[in-house]
Number of protein chains: 2
Amino acid sequence: MTIRPTIADVAREAGVSKGLVSFALNDRPGVAAETRDRILSVANALGWRPSVRARSLSTDRSFALGLVIARDPEIISSDPFFPAFIAGIEGALAPAGQALVVSMVSNEEAEVASYRQLAAHDRVDGVILTDLRRNDPRIALLEGLRLKAVTLGHPDVESSFPAVAVDDGPGIHSAVEHLAALGHRRIAHVAGPSSMLHGGRRSQSFIDALRALGLASDLVVETDFSAAGGAKTTAALLDLDEPPTAIVFANDLMAIAGLGVAQRRGLRVPDDLSITGFDGSDIGAYLYPSLTTVTTPVLEWGRASAELLLRSVIGDDDVHDIELPAAQLLVRMSTAPPRTIR
Amino acid sequence: MTIRPTIADVAREAGVSKGLVSFALNDRPGVAAETRDRILSVANALGWRPSVRARSLSTDRSFALGLVIARDPEIISSDPFFPAFIAGIEGALAPAGQALVVSMVSNEEAEVASYRQLAAHDRVDGVILTDLRRNDPRIALLEGLRLKAVTLGHPDVESSFPAVAVDDGPGIHSAVEHLAALGHRRIAHVAGPSSMLHGGRRSQSFIDALRALGLASDLVVETDFSAAGGAKTTAALLDLDEPPTAIVFANDLMAIAGLGVAQRRGLRVPDDLSITGFDGSDIGAYLYPSLTTVTTPVLEWGRASAELLLRSVIGDDDVHDIELPAAQLLVRMSTAPPRTIR
DNA sequence: GAGTGCCCCTAAACCGGTTAAGAAGCAGCC
DNA sequence: GGCTGCTTCTTAACCGGTTTAGGGGCACTC
């Protein structure tokens with residue numbers, strides 16, 4: 001096993017020019033069928049593989065997509081989203097011979113720097129934009145950097161990028177209706193930061209759902225999606241004179257922390273307090289009680305995003321927004337009728 | 001903002017040849033100080049940035065490292081290791097202008113294919129090898145593919161790659177001693193697969209620790225590091241005629257599932273059963289009871305691995321194995337004296 | 001029989017760097 | 001004055017592809 005053959009080797013062996021080999025290998029017209037076959041079989045016999053590097057240089061493409069993950073170091077390990085999401089991306093990228101460049105940073109300055117670096121070094125042809133924020137500056141940034149992108153969810157600003165969205169609403173609605181049907185009247189929501197679009201959207205869905213049922217929606221507390229935040233706000237809610245009998249958490253991590261807080265206080269879940277999460281993370285099934293949650297098709301989300309972005313990079317014309325199946329309620333054991341009306 | 005300047009632009013502007021510009025920019029000897037300064041200031045004025053693509057093609061380097069993650073889809077979301085590990089890697093890579101290519105696969109064939117693809121496409125200069133297995137075929141594979149690598153831990157086969165290791169032993173020993181000191185005599189271990197080196201090593205440490213204390217070490221059950229596996233084996237242990245009063249789990253995920261199983265049976269943790277995990281994952285602190293566990297310097301591990309691999313890629317001579325601070329016991333609330341001797 | 005058009009192919013430039021070979025200029029030395 | 005050797009710089013090849021311009025051969029047309 002020596003050095004890898006190049007198209008020059010193939011050309012020599014097949015008795016044609018370099019250029020023609022390139023044409024034949026790329027299935028372009030203007031090559032006689034017989035010649036094309038000969039070139040292909042020679043390439044095959046020599047074990048020729050294209051050099052991504054050379055192709056990158058001449059075609060001005062990277063054949064890779066990027067994912068910048070900005071997360072507080074404290075949250076990063078426990079967040080079930082990204083590993084599954086990356087697995088989904090991989091499902092679309094690997095068969096296409098594309099690679100995924102991942103960058104993980106802990107704050108917004110580093111995030112911006114990371115995008116700039118990806119663009120300056122021509123590492124990727126496009127990026128997947130997660131965790132959209134209100135008035136998200138990254139959209140203009142990426143447009144300025146001339147990177148392609150897809151956004152996870154619909155941004156609240158003008159965007160030239162297609163979106164891949166999962167509607168959180170139905171999941172939250174189902175959770176609230178489920179709790180109301182069980183008899184709960186005082187239902188709280190531990191929300192993610194309203195600066196993040198999905199945080200805000202989940203809150204709004206929660207409020208809408210309560211209103212539709214004619215219930216008060218005053219118990220919405222905003223925090224930061226972290227376990228620490230979930231624990232703190234849960235404690236605050238339980239300290240109220242009239243504490244809620246059920247809490248809808250905006251993600252599983254906060255729900256798990258909230259569960260711990262309740263149990264620590266001697267409350268029984270679900271008898272004294274019902275709890276729902278959001279994410280459908282696997283670990284929730286193994287807790288005691290297992291966590292009623294809202295599942296999101298994360299893997300599918302990753303796959304669809306990567307596919308759409310690839311199409312957009314190629315210059316496919318009909319790239320348009322994609323709506324994935326909505327989030328769905330997954331009832332497990334952390335919800336039950338409130339004790340007061342039992 | 002037009003097209004990016006190349007060294008040809010710099011050369012023209014500075015009135016020298018392309019080659020000399022390259023020499024000046026790479027700080028190589030043979031350039032007059034005055035000329036060098038002129039070239040550098042012209043480059044600076046034009047806003048010249050090197051093209052990684054062009055450099056890759058001519059220097060036969062990718063300026064990127066790879067990480068192939070092989071995990072069952074079921075485990076992937078809940079595993080706290082990789083996000084933190086990647087964050088650590090990033091800490092070393094970003095300042096060096098290097099990128100991280102991540103590939104996530106679900107089985108061994110796909111894993112091999114992934115390494116082959118990374119090598120065939122020249123995507124990376126080296127890879128970080130995690131989750132070493134017994135007689136790990138990947139080492140020979142990577143040597144054959146002429147990729148550089150570092151291994152996480154010491155392999156049990158001949159390897160030309162440097163290792164970055166964290167000794168699990170002291171953590172497991174501490175956990176066992178902690179439990180023994182509390183009065184436990186029947187201590188079980190829910191182990192990871194013995195086909196994985198760190199799974200086997202933790203078991204062995206467990207057995208050694210018990211022996212050293214003169215206790216029986218017959219309660220070692222092997223499973224797969226998953227929540228489902230942890231739950232199932234915990235159930236089996238608790239079904240024994242003489243069940244253990246404490247269980248040492250080989251990772252946090254299994255410990256959390258085990259905790260759920262015990263509580264589901266009406267056992268109180270830690271009163272009826274003590275539990276320890278392994279990983280030091282953050283979420284464990286918020287459970288009820290909070291999980292006594294063994295912490296590993298994951299972030300540091302990632303950083304050190306990436307740095308070592310970068311040095312190895314450059315051809316630095318004195319790359320040798322690195323031993324990081326050993327894993328440490330973190331006592332929280334899931335361990336207490338057994339009820340029997342209370 | 002010249003002109004036109006098409007098909008198949010070659011030659012060569014190009015992408016943006018690195019690097020080997022060699023030339024020019026100059027000082028030092030005998 | 002010629003030789004040696006050093007520094008500084010240029011030229012040109014090279015990495016491995018893609019792509020444009022154009023040439024030769026052939027059939028068809030009038």
Side-chain angles (χ1 to χ4, degrees), chain A residues 2-40 42-43 46-64 97 119-123 125 146 314-315, chain B residues 2-40 42-43 46-64 97 119-123 125 146 314-315:
Chain A
T2 69
I3 196 143
R4 187 155 71 182
T6 74
I7 60 169
D9 298 320
V10 176
R12 191 176 348 92
E13 199 76 13
V16 296
S17 71
K18 258 177 67 178
L20 197 63
V21 174
S22 177
F23 271 62
L25 291 169
N26 290 319
D27 248 340
R28 308 232 298 220
V31 184
E34 191 201 351
T35 314
R36 174 191 313 278
D37 291 347
R38 180 158 41 92
I39 292 174
L40 292 185
V42 167
L46 293 182
W48 178 85
R49 294 289 111 103
S51 155
V52 174
R53 285 172 184 163
R55 226 203 274 263
S56 280
L57 184 58
S58 56
T59 61
D60 197 33
R61 285 198 43 203
S62 298
F63 305 100
H121 290 183
D122 287 327
R123 292 288 191 178
D125 298 318
R146 292 162 192 282
I314 292 172
Chain B
T2 70
I3 197 146
R4 188 156 70 185
T6 73
I7 60 169
D9 299 321
V10 176
R12 191 176 348 95
E13 199 77 11
V16 296
S17 71
K18 257 177 66 177
L20 197 64
V21 173
S22 177
F23 270 63
L25 291 169
N26 290 319
D27 248 340
R28 307 232 300 218
V31 184
E34 191 201 351
T35 313
R36 173 191 315 277
D37 291 347
R38 180 159 40 93
I39 291 174
L40 292 185
V42 167
L46 293 181
W48 177 86
R49 293 290 110 105
S51 154
V52 174
R53 285 172 184 165
R55 226 203 274 264
S56 280
L57 184 58
S58 57
T59 61
D60 197 33
R61 284 198 45 203
S62 299
F63 306 100
H121 291 183
D122 288 326
R123 293 285 190 179
D125 298 318
R146 293 163 191 281
I314 292 170

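Everything quoted here is computed from the prediction, not taken from an experiment. Note: hydrogens, waters and symmetry copies are ignored here, and every other heavy atom, side chains too, is used. Proteins come first, then strands; the chains are lettered A, B, ... in the order of their sequence lines, and each starts at number 1.
- The nearest whole Å value for the distance from the CG atom in B/Asp9 to the P atom in C/dC14 is 14 Å.
- Closest heavy-atom contact between A/Ser56 and A/Ser62: OG-CA, 3.9 Å.
- Nucleic acid contact for A/Thr35: sugar-phosphate only, since backbone atoms but no base atoms lie under 4.0 Å from a heavy atom of the residue.
- Using a 4.0 Å heavy-atom distance criterion, B/Val16 is classed as a sugar-phosphate-only contact.
- The phosphate of D/dC15 has neither OP1 nor OP2 within less than 4.0 Å of any side-chain N or O from B/Arg61.
- Of the candidates C/dT10, D/dG17, C/dT18, C/dT18 carries the atom nearest the B/Thr59 side chain, counting heavy atoms from C-beta on.
- Per the geometry, CG belonging to B/Asp122 stands 11 Å off C1' belonging to D/dC15, to the nearest Å.
- Nearest heavy-atom pair across A/Arg55 and A/Phe63 is CD-CZ, 3.6 Å.
- Remark on DNA chain C: of its neighbouring residues A/Gly30 and B/Ala8, the 5'-side contact belongs to A/Gly30, judged by nearest-heavy-atom nucleotide.
- Among D/dG17, C/dG17, D/dT18, the nucleotide with an atom closest to any side-chain atom of B/Thr6 is C/dG17.
- The pair A/Arg4-B/Asp122 counts as a salt bridge, with a side-chain nitrogen and a carboxylate oxygen less than 4.0 angstrom apart.
- The heavy-atom pair separating A/Ile39 from A/Val10 by the smallest distance is O-CG1, 4.0 Å.
- Checking D/dT10, C/dT19, C/dG17 against the side-chain heavy atoms of B/Ala54 singles out C/dG17 as nearest.
- Taking only side-chain atoms of B/Arg55, from C-beta outward, the nucleotide of D/dG16, C/dG17, D/dT19 with the closest atom is C/dG17.
- Separating the CZ atom of A/Arg12 from the P atom of D/dG16 is a distance of 12 Å, rounded to the nearest angstrom.
- When distances are taken from the side chain of B/Ser22 to each of C/dT18, D/dC9, C/dT10, the shortest belongs to C/dT18.
- Residue A/Ile39 contributes atom CD1, which lies 15 Å from atom C1' of D/dT18 at whole-angstrom precision.
- In this structure, A/Leu25 atom CG and D/dT19 atom C1' are separated by 15 Å, rounded to whole Å.
- Atom C1' of nucleotide C/dG16 and atom CG of B/Leu46 are separated by 15 Å, given to the nearest angstrom.
- Counting any heavy atom pair closer than 4.0 Å across all strands shown, A/Arg28 reaches sugar-phosphate atoms only and no base atom.
- Checked against C/dT10, D/dT20, C/dT18, the side chain of B/Ile7 finds its nearest nucleotide in C/dT18.
- What separates CG of A/Leu20 from P of D/dG23 is a distance of 18 Å, to the nearest Å.
- In this entry the distance linking CG of A/Asp60 with C1' of C/dG17 reads 15 Å, nearest Å.
- Take the nearest nucleotide of DNA chain D for A/Asn26 and for B/Pro29: the residue whose nucleotide is more 5' is B/Pro29.
- Which of C/dC8, D/dT19, D/dG16 sits closest to the side chain of A/Leu57 comes down to D/dG16.
- Residue B/Ser51 places none of its side-chain N or O atoms closer than 4.0 Å to OP1 or OP2 of C/dC15.
- For A/Phe23, counting side-chain heavy atoms from C-beta on, the closest listed nucleotide (C/dT19, D/dC9, D/dT19) is D/dT19.
- Both A/Ser58 and B/Gly19 lie close to DNA chain D; mapped to their nearest nucleotides by heavy-atom distance, the more 5′-ward contact belongs to B/Gly19.
- For A/Ser58 (side chain) and A/Ala54 (main-chain N/O), a donor-acceptor pair under 3.5 Å exists by modelled atom type.
- With hydrogens and angles ignored, the 3.5 Å screen pairs a side-chain donor or acceptor of B/Arg36 with a backbone N or O of B/Arg28.
- In this structure, B/Asp9 contributes its side chain and B/Thr6 its backbone to a donor-acceptor pair below 3.5 Å.
- Ionic pairing of A/Arg53 and B/Asp60 is present here: one or more N-O contacts between side-chain nitrogen and carboxylate oxygen are shorter than 4.0 angstrom.
- Relative to the side chain of B/Ala32, the nucleotides C/dC9, D/dC9, C/dT18 differ in distance, and D/dC9 lies closest.
- The phosphate of D/dG17 (OP1 or OP2) has a side-chain N or O of A/Trp48 nearer than 4.0 angstrom.
- Between B/Val21 and the choices B/Val31, B/Val42, B/Val16, the side-chain contact (heavy atoms from CB on, under 4.5 Å) rule is met once, by B/Val16.
- The base of D/dG17 is paired with the side chain of A/Lys18 by a donor and an acceptor separated by under 3.5 Å.
- Taking five base pairs at each end of the helix from C/dG1-D/dC30 to C/dC30-D/dG1, the local helix axes there meet at an angle of 70°, rounded to 10°.
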